[in-house]
Amino acid sequence: MSDTKVLRLVKKSEGDQHESAAAKPAAAMPAVTPVRLPERAKSRPRKSTPPIAVAKPRERPQLSREEMLKIYRTMYLSRKLDDKEIQMKGQNRIFFQISGAGHEAILVAAGMCLRPGYDWFYPYYRDRALCLQLGMTPLEQLLQSVGAEADPASHGRQMPSHWGHKKLNIVSQSSPTGTQLLQAVGCAEAGLRVKLIKDLKKRVRNFRNDEVVYVSLGDGTSSEGEFWEALNTACNLRLPVVFLCEDNGYAISVPVEVQTAGGDISRLVRGFPNLFIQRCDGTDALESLAVMRRAVDNCRKNRGPSFVHARVIRPYSHSLSDDEKLYRSAEERTADAEHDPLKRFGSVLINEGVIDEHGLQQLKDEVDREINEAADLALASPQPAAETATKFVYSPEVDPTSKDFDNEAGAELSGNPGTMVDLINRCLLTEMKRDPRVLVFGEDIADCSREPSLDKVKGKGGVFKVTANLQREFGSARVFNSPLAEANIVGRAIGLATRGLKPVVEIQFFDYIWPAMHQIRNELAVLRWRSGNEFSAPLVMRVPVGGYLKGGAVYHSQSGVSIFTQIPGLRVVYPSNALDANGLLRTAIRCDDPVLFLEHKHLYRQTYNKSPYPPDDFMIPFGKAKVAREGADISIITYGALVQRSLVAARQAEQQGISVEIIDLRTMSPYDWNAIAESVKKTSRVIVAHEDSLSWGYGAEIAARISSELFTHLDAPVRRVAALDTFVAYAPQLEDAILPQVADVLEAITELNGY
């Protein structure tokens with residue numbers, strides 16, 4: 001099944017009759033009368049609240065008295081929780097506050113249309129009212145405010161208003177704006193893959209045919225590139241994602257006309273196919289409910305994503321670290337206050353006889369008492385113990401350094417020797433046969449996205465052919481190309497992994513991993529820790545890396561390993577030969593942590609690192625180094641392409657009577673300190689050799705630890721061999737001068753031996 005056929009299957013639903021927003025404007029669909037957004041000149045500031053068209057009576061949701069009162073109660077509860085936190089911050093009882101004031105109406109409406117524990121939620125920090133409507137209690141929210149261990153969102157590890165709740169399917173939220181959008185798309189895509197892959201239905205749970213994924217953002221976040229990447233994939237795959245843009249007109253102090261061309265994000269996204277666009281006055285609870293019902297229903301029926309642009313207000317400053325009086329006039333703030341959703345809906349209740357002034361005050365008094373009681377309980381709740389700080393950096397259930405992942409000794413090898421490419425490909429093949437949860441995707445990794453052409457072409461299978469024929473074997477539902485967008489690849493993979501699938505993604509070159517750095521550092525690596533083990537995203541990122549290929553130059557030769565090894569929560573693996581690549585990749589796929597799997601391009605097809613094929617369950621544990629060469633006089637601690645160069649240098653040094661031992665680390669995080677210590681104690685002289693630049697590189701940490709912990713065993717200073725502190729050049733003679741060569745290693749051996 002080709003990529004394009006997958007897209008066609010997605011479209012074969014009742015959504016085939018559903019026209020895109022571009023072809024059929026939202027106003028022409030059965031919906032409430034949309035908000036009329038005023039035209040803005042480039043220099044004209046945005047008005048506090050645009051003119052709002054009143055919904056027609058027949059379009060107004062029919063609600064019981066109890067439902068009307070519950071809406072108000074949740075809105076008031078949300079506002080008063082903000083006020084309580086502001087009070088507690090002033091008393092130095094909590095340490096941060098950011099409110100959802102002014103957003104309550106649209107958020108309560110969204111919560112009424114969605115199903116907690118059934119649908120999935122990727123909120124942002126203004127979404128207090130949504131979380132209350134879904135079932136989060138005031139006590140649970142205040143437990144996060146005080147940093148209590150019992151906080152269900154993060155167990156005291158995250159700031160207030162960083163929502164998360166395992167039982168309600170509210171996925172742990174982080175601070176970077178917009179990073180949740182691609183993860184929400186991946187979460188929804190998981191449901192699509194389960195529908196397309198027959199064997200998955202027996203292996204995964206908690207998937208429903210009509211589930212919806214909710215993701216929210218502020219108007220400022222729509223400036224992020226990942227917003228556009230998320231819309232692109234959601235529309236392309238027709239995923240059931242409700243995008244809610246809560247537009248309060250400001251990104252901290254930056255007004256919307258400065259953020260967004262034309263000052264109207266819903267006009268900018270009209271060109272996306274399959275996107276159902278709705279706009280509403282997000283301070284009007286009833287209009288918001290009507291619009292959200294239509295948006296959710298569109299997704300529930302698998303017609304594609306919905307985009308709701310809700311105009312709201314921000315009656316408080318961005319956070320207590322901000323003072324809006326510095327950049328908003330008194331007139332503007334007063335105008336906003338006239339559109340306060342609480343004030344507006346309270347008036348509706350009284351004017352329509354749902355409740356009188358006295359009854360409304362009684363309701364408020366009841367909520368105030370509930371909040372005060374919850375605050376007292378939260379303040380009395382214990383803080384997390386100091387010794388728990390390092391819990392859940394990695395999986396507490398699966399230990400890839402354990403003997404469970406070690407069957408290296410005595411493994412029977414068979415067949416003609418294969419290259420690193422061959423044995424990585426074999427590992428992917430066998431693991432995909434073993435586990436239908438394994439998905440492989442990235443740029444150019446499929447054989448051919450257009451399946452009718454498969455019989456006419458050889459197939460791509462990756463720039464280096466590592467994934468060749470996997471699409472032919474497993475189909476395009478499991479092996480597929482991604483857009484040329486690294487954040488898209490990793491962000492979607494996080495969402496897929498959160499739902500229990502096992503993405504093995506490829507970043508085409510290490511040099512281009514940086515657009516995904518936000519997703520890797522602030523999302524993937526920290527998800528388990530920041531949620532207190534409530535959520536995790538075990539996945540594998542395969543990344544070709546390194547130089548020594550003529551012509552690679554600045555942008556195809558980088559080796560910044562140390563940038564990733566200093567990220568807690570991320571495993572970093574770097575094999576130097578075909579057999580190790582096979583066993584370590586299998587461990588990476590089967591472990592329960594995110595893994596950066598680095599594959600040196602120069603080593604892909606070298607004859608010296610070939611190996612016959614190991615068994616299909618062959619595994620090498622993380623943190624287990626390999627003695628690549630025994631020696632007695634000098635130890636070389638190395639990895640990757642420097643292993644072979646060190647072996648050549650060691651053979652040349654042997655002709656001078658110098659016996660060199662070589663330790664191939666194989667995994668960078670964790671690394672095998674015991675193997676290093678044992679070798680250093682044996683030889684008393686040590687060289688750390690690597691392809692990274694000398695300064696601030698990976699070898700600096702190893703050298704520092706050897707000097708600190710093994711000083712009494714040393715007969716000479718620790719020596720480092722590394723690349724120059726520059727970039728890799730295109731001209732071959734410059735590349736040779738920049739990267740460490742055999743001669744550089746031999747020179748270090750000779751000098752250290754004579755010390």
Side-chain angles (χ1 to χ4, degrees), residues 94-96 122 136 139-176 179-180 183 377-405 493-495 497-500 502 519-541 564-573 587-596 621-624 667-674 701 705:
I94 68 172
F95 320 107
F96 179 78
Y122 287 80
M136 191 178 290
L139 175 59
E140 288 175 327
Q141 294 197 352
L142 289 169
L143 286 170
Q144 186 177 50
S145 304
V146 302
E149 195 284 330
D151 155 38
S154 72
H155 303 280
R157 293 180 170 188
Q158 289 226 80
M159 303 163 84
S161 299
H162 286 54
W163 314 112
H165 202 292
K166 181 74 170 178
K167 184 178 179 181
L168 301 176
N169 287 352
I170 303 173
V171 180
S172 171
Q173 177 206 323
S174 68
S175 288
T179 48
Q180 75 276 18
Q183 295 165 38
L377 290 172
L379 288 166
S381 186
Q383 299 268 308
E387 58 269 20
T388 66
T390 57
K391 289 183 67 176
F392 310 129
V393 175
Y394 300 101
S395 170
E397 287 87 24
V398 180
D399 181 6
T401 70
S402 70
K403 292 182 179 179
D404 294 338
F405 290 86
I494 294 171
T498 301
R499 298 297 304 276
K502 192 73 181 190
Q519 292 290 342
I520 296 170
R521 172 60 181 83
N522 286 325
E523 302 296 334
L524 175 62
V526 77
L527 179 59
R528 185 191 297 278
W529 187 88
R530 77 171 189 235
S531 68
N533 201 38
E534 300 290 347
F535 294 96
S536 63
L539 59 90
V540 180
M541 297 172 289
F564 294 91
T565 53
Q566 62 179 284
I567 300 176
L570 183 67
R571 309 282 192 182
V572 182
V573 180
T587 297
I589 293 172
R590 297 190 188 185
C591 87
D592 199 31
D593 297 312
V595 179
L596 180 68
F622 294 168
K624 180 185 177 184
T667 64
M668 319 306 297
S669 180
Y671 65 89
D672 191 344
W673 172 248
N674 291 334
E701 167 63 22
R705 189 172 179 188

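All values below come from the heavy atoms of this structure, side chains included, with hydrogens, waters and symmetry mates left out. One is the number of the first residue; the rest follow in order along the sequence.
Under the side-chain hydrogen bond (donor to acceptor under 3.5 Å, both in side chains) criterion, D404 pairs with no residue, sequence neighbours left out. With sequence neighbours excluded, the residues satisfying side chain to side chain contact (heavy atoms under 4.5 Å, CB included) with A378 are L139, L142, L143, V146. When the side chain to side chain contact (heavy atoms under 4.5 Å, CB included) test is applied to S161, the partners found at least two apart in sequence or on another chain are I98, Y125, R128, W163. With sequence neighbours excluded, the residues satisfying side chain to side chain contact (heavy atoms under 4.5 Å, CB included) with E140 are M136, T137, P152, H165. Residues satisfying the ring-ring contact (aromatic ring centres under 6.0 Å, His included) test with F622, not counting sequence neighbours, are none.
No side-chain donor-acceptor contact under 3.5 Å links E523 to the backbone of P176. The main-chain N or O of A150 is never found under 3.5 Å from a side-chain atom of H155 such that the two would form a donor-acceptor pair. The backbone N or O of Q141 sits less than 3.5 Å from a side-chain atom of S145, completing a donor-acceptor pair. A donor-acceptor pair under 3.5 Å is formed between the side chain of R530 and the backbone N or O of N522. Remark: the backbone N or O of G623 is paired with a side-chain donor or acceptor of T667 at under 3.5 angstrom.
At least one side-chain heavy atom of Y671 sits less than 4.5 Å from a side-chain heavy atom of R705. No side-chain heavy atom of E701 sits under 4.5 Å from any side-chain heavy atom of T565. Taking the side chain as every heavy atom from C-beta outward, Q144 and S154 approach each other to under 4.5 Å. Residues Q173 and Y122 fail the side-chain proximity criterion, which asks for heavy atoms closer than 4.5 Å. In this structure the side chain of F392 reaches within 4.5 angstrom of the side chain of R157, judged on heavy atoms. Annotation: side chain of R590 is not in contact with side chain of V398 (no heavy-atom distance under 4.5 Å).
For the atom pair Q183 CD and F535 CZ, the distance stands at 11.5 Å (nearest 0.5 Å).
P384 and G156 get closest at one heavy-atom pair: CG-CA, 4.4 Å. Taking each heavy atom of L596 and L570 in turn, the nearest pair found is N-CD1, 4.1 Å. The heavy-atom pair separating L527 from S536 by the smallest distance is CD2-C, 3.7 Å. When all heavy atoms are compared, the tightest approach of N533 to P396 is ND2-CG, 3.6 Å. Between K502 and C591 the shortest heavy-atom distance is NZ-O, 2.7 Å. Minimum interatomic distance between P594 and A537 (heavy atoms only, all atoms of both residues): CB-O, 4.0 Å.
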> Could you walk me through whether S174 and Q180 pass the side-chain contact (heavy atoms from CB on, under 4.5 Å) check?
Replying inline: CA-CA 8 Å; S174 68; Q180 75 276 18; over 6 Å; no
> Can Q519 and T179 be said to form a side-chain contact (heavy atoms from CB on, under 4.5 Å), step by step?
Replying inline: CA-CA 7 Å; Q519 292 290 342; T179 48; 3.8 Å; yes
>> Between Q566 and R521, does the side-chain contact (heavy atoms from CB on, under 4.5 Å) criterion hold? Intermediate values first, please.
In response: CA-CA 10 Å; Q566 62 179 284; R521 172 60 181 83; over 6 Å; no
> Going through the checks in order, is the side-chain contact (heavy atoms from CB on, under 4.5 Å) test met by R571 and T587?
Replying inline: CA-CA 11 Å; R571 309 282 192 182; T587 297; over 6 Å; no
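With no hydrogens or angles considered, no side-chain donor-acceptor pair links E534 and S172 at under 3.5 Å.
Residue pairs meeting the side-chain hydrogen bond (donor to acceptor under 3.5 Å, both in side chains) criterion with at least one partner in residues 382-397, sequence neighbours excluded, are S395-D592.
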